[in-house]
Undergrad: 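Have a look at this one.
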Amino acid sequence: MRKQRHTLYLSRQLARKLDDTAKSTHGAKSALVEDALRVSFMPQLVPGIDDVLARRLDELGTLIKTIERDVAVATETLSLFVRYFLTITPPLPSDDQESARLL
């Protein structure tokens, strides 16, 4: 089977990692990229990939729950601050209320 040539631009960090991996496995960079693309485009061909994806999705779900909790805490804190601020702020005199509404 004849292979088609492609030109890719990679960040320096990713290119360095590709070089290091190719040296450590004594393989060609083309073979590494081809395998990575095959796994990325056709995950069903790699056994155990469903387990990895399920584990990663579980981790992402946990992170989302943590973010939701943090946002709820921040929102509640802000609402308490606004309520307190409105409680301690004296009302405007009736003379200044119209100009404050216009602002």
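In what follows, every heavy atom counts, from backbone to side chain, and hydrogens, waters and symmetry copies are set aside.
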Undergrad: Please find the pair of heavy atoms, one from Leu92 and one from Ala100, that lie closest to each other, and give the distance.
TA: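 Looking at all heavy atoms of both residues, the closest pair is CD1-CB, 3.4 Å.
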Undergrad: Show which side-chain atoms of residues 28-35 pair as donor or acceptor with protein atoms under 3.5 Å away, not counting sequence neighbours.
TA:
residue	atom	partner	partner atom	Å
Lys29	NZ	Asp19	OD1	2.6
Glu34	OE1	Lys3	NZ	3.2
Glu34	OE2	Arg38	NH2	3.1
Asp35	OD1	Arg38	NH1	3.0

Undergrad: Are Phe81 and Leu86 connected, step by step, through hydrophobic side chains (Ile, Leu, Val, Met, Phe, Trp, Tyr) whose heavy atoms are closer than 4.5 Å?
TA: yes
Undergrad: Would you list the atom pairs, donor with acceptor, under 3.5 Å between side chains in residues 53-64 and any protein atom, with sequence neighbours excluded?
TA:
residue	atom	partner	partner atom	Å
Arg56	NH1	Glu59	OE1	3.1
Thr62	OG1	Asp58	O	3.0

Undergrad: Under a single-linkage rule joining Ile, Leu, Val, Met, Phe, Trp and Tyr whose side-chain heavy atoms are separated by less than 4.5 Å, which residues share a cluster with Ile88?
TA: Tyr84
Undergrad: Checking Glu98 now: which residues fulfil side-chain hydrogen bond (donor to acceptor under 3.5 Å, both in side chains) with it, not counting sequence neighbours?
TA: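 For Glu98, the residues satisfying side-chain hydrogen bond (donor to acceptor under 3.5 Å, both in side chains) (neighbours in sequence not counted) are Arg101.
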Undergrad: Flag yes if Leu8 and Leu14 sit in one hydrophobic cluster, no otherwise; membership is Ile, Leu, Val, Met, Phe, Trp, Tyr, and two members link when side-chain heavy atoms are under 4.5 Å apart.
TA: yes
Undergrad: Please list, chain by chain and in numerical order, all residues satisfying side-chain hydrogen bond (donor to acceptor under 3.5 Å, both in side chains) with Arg12, sequence neighbours excluded.
TA: none
Undergrad: Linking directly or through intermediates, with side-chain heavy atoms under 4.5 Å: list the remaining ILVMFWY members grouped with Ile67, chain and number order.
TA: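 Once heavy-atom contacts under 4.5 Å are chained together, Ile67 belongs with Val71.
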